[in-house]
Amino acid sequence: MMSQGLAVQDRLVLYYLTYNYCYTESEISTFNIGVDVYGKDNVSEFLVKLNNNETLLQQKELIKLDRLNEIQFTDRGKELLELDNFYIPNNEEVKTSHYLIKHDTIAERNLYFDKPIQRDLNILETLLIRENFDEYQKVMKQKKNKSEGIAVLLYGPSGTGKSSIVEQLARKTNRNILHVDLSVLRDKYWGESEKKIKALFEEYQTMIEKSENVPILLINECDAILGKRITSLEAIHDYTESTMTNLMLEFFEKNKGIIIATTNLEQNIDTAFLRRFTLKYYIGKPDKRAVEMILKSKLEFLDD
């Protein structure tokens, strides 16, 4: 949607239609969508433009009015958004533990850090350039390392730009991101959490094999599942947590891709995991120089 140069309200209309197409299959009242997106005061103007085929969405051939005057996707709209790949039958409630972020959909952002961490991040970016990473993997394979990939830990206070760093690295090195929501991996039914983790690893491995450029596996708030292991088996919950942790350790040991994990609570991570991170970077609050650069980038009229 972003690639089409659409305004926020146009994108909201498409979100509305996408949810309807994938989950409800019901007719959408043009009046209802107009009120929800544009508000009561502006709905009439929206309906007039819609009936006159004057909206940007119609001009880009993404939506159309059917014979009952209801909004529908055009074939071009369905193809652009790959809707048929995400069709969910039987109106089932579906939760997903992860989603794909394509590198060419990530907007460019200027990030400012202290000089030492900026230098380290520049080195990391250089390593993730395709030729360099391919060479790194080749060397690891020659050394017969179990892990031919790299694992990076970004830790530090909340709001310091850890997730933004990963997005900009992906954009600059043309790597897609498989973003994992660990909270959804936990399941109330016995054994299901372990199955979900195994399925995730298998999917990521398949992506590595099929991709020309190895994608990044992003694990936000990784302490939620890479936490310190318990030593007793007093409860089924504890046993499940240990099993999940051991599965993650096994995956790290055999990693052939690029894992980047973020956390605000580095002290809560199991030492076994900490040893398996190839690189660890503390992303702290910006120093005076970085703050000046941030302010200058947003408010160009400020003098020194």
Side-chain angles (χ1 to χ4, degrees), residues 1-111 163-164 166-168 170-172 174-181 183-184 203 207 211 215-216 218 220 297-300:
M1 294 181 193
M2 295 292 287
S3 68
Q4 297 299 300
L6 300 172
V8 172
Q9 288 175 319
D10 289 327
R11 296 205 304 275
L12 282 171
V13 171
L14 293 186
Y15 297 149
Y16 201 123
L17 291 172
T18 300
Y19 179 83
N20 183 76
Y21 183 87
C22 292
Y23 292 97
T24 69
E25 300 183 272
S26 61
E27 296 292 339
I28 293 185
S29 162
T30 54
F31 179 80
N32 287 346
I33 195 171
V35 170
D36 287 346
V37 175
Y38 296 92
K40 292 180 179 178
D41 295 337
N42 300 313
V43 65
S44 296
E45 181 182 352
F46 167 69
L47 294 176
V48 169
K49 284 187 175 181
L50 200 61
N51 289 323
N52 292 334
N53 209 39
E54 294 175 349
T55 67
L56 183 60
L57 296 173
Q58 288 168 305
Q59 293 170 3
K60 287 182 173 288
E61 298 180 349
L62 299 175
I63 67 169
K64 64 182 179 180
L65 291 178
D66 64 12
R67 55 188 178 82
L68 298 176
N69 219 33
E70 302 289 351
I71 303 177
Q72 288 187 342
F73 276 113
T74 61
D75 289 340
R76 181 179 183 275
K78 293 177 186 177
E79 181 179 356
L80 176 72
L81 302 177
E82 301 179 3
L83 290 178
D84 289 327
N85 294 342
F86 295 95
Y87 176 69
I88 310 297
N90 302 326
N91 194 25
E92 295 175 352
E93 182 181 353
V94 174
K95 283 188 176 181
T96 178
S97 64
H98 48 281
Y99 57 91
L100 183 68
I101 303 172
K102 295 185 178 180
H103 66 85
D104 53 5
T105 67
I106 299 171
E108 181 178 2
R109 292 183 63 189
N110 292 321
L111 304 177
S163 296
S164 295
V166 182
E167 291 178 353
Q168 294 308 306
R171 185 187 65 80
K172 291 178 180 179
N174 299 324
R175 298 186 185 279
N176 296 332
I177 299 174
L178 185 63
H179 187 178
V180 180
D181 181 355
S183 64
V184 181
E203 180 176 346
M207 287 179 63
S211 301
I216 294 170
L218 171 60
N220 270 335
S297 71
K298 300 297 182 182
L299 304 169
E300 296 181 0

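Below, each value reflects all heavy atoms present in this structure, side chains not excepted, and no hydrogens, waters or symmetry copies.
- For the side-chain contact (heavy atoms from CB on, under 4.5 Å) with R76, the lone residue among L62, L81, I63 that qualifies is L62.
- In this view, K60 satisfies the salt bridge (Lys or Arg N to Asp or Glu O under 4.0 Å) rule with no residue, not counting sequence neighbours.
- Expressed to the nearest 0.5 Å, how far CG of D75 lies from CG of L80 amounts to 12.5 Å.
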Steps toward side chain to side chain contact (heavy atoms under 4.5 Å, CB included) verdict (L50, I71): CA-CA 9 Å; L50 200 61; I71 303 177; 3.8 Å; yes
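- Minimum heavy-atom separation, Q168 to A107: NE2-O, 3.0 Å.
- Note: L47 CG to I33 CD1 = 10.5 Å, rounded to the nearest 0.5 Å.
- Under the side chain to side chain contact (heavy atoms under 4.5 Å, CB included) criterion, N110 pairs with E108, Y112, not counting sequence neighbours.
- With sequence neighbours excluded, the residues that form a ring pair (Phe, Tyr, Trp, His ring centres under 6.0 Å) with F46 are Y38.
- Between S164 and R109, the shortest heavy-atom distance links the atoms OG-NH1, 3.0 Å.
- The number of heavy atoms from other shown groups lying within 6.0 Å of CD (Q9) is above 12.
- In this structure Q59 satisfies the side chain to side chain contact (heavy atoms under 4.5 Å, CB included) test together with L56, sequence neighbours excluded.
- For CD of E54, the number of neighbouring non-hydrogen atoms (other residues, nucleotides, ligands) closer than 6.0 Å is greater than 12.
- Applying the side chain to side chain contact (heavy atoms under 4.5 Å, CB included) criterion to N53, with sequence neighbours excluded, gives Q58.
- Judged as a side chain to side chain contact (heavy atoms under 4.5 Å, CB included), and not counting sequence neighbours, the contacts of N174 are H103, N213.
- Atom-to-atom distance recorded for L57:CG and L14:CG is 5.0 Å, nearest 0.5 angstrom.
- Here the straight-line distance linking atom CG of L12 with atom CG of D36 works out to 10.0 Å at 0.5 Å rounding.
- Atom CD of E167 is separated from atom CD1 of I216 by 10.0 Å, given to the nearest 0.5 angstrom.
- Listed here is the closest heavy atom pair of L6 and R11: O-NH1, 2.9 Å.
- Counting all heavy atoms, side chain and backbone alike, F31 lies closest to V43 at O-CG2, 3.8 Å.
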Would Q4 and D10 count as a side chain to side chain contact (heavy atoms under 4.5 Å, CB included) if you check the C-alpha gap in whole Å, the side-chain angles of each, and the deciding distance to 0.1 Å? CA-CA 10 Å; Q4 297 299 300; D10 289 327; over 6 Å; no
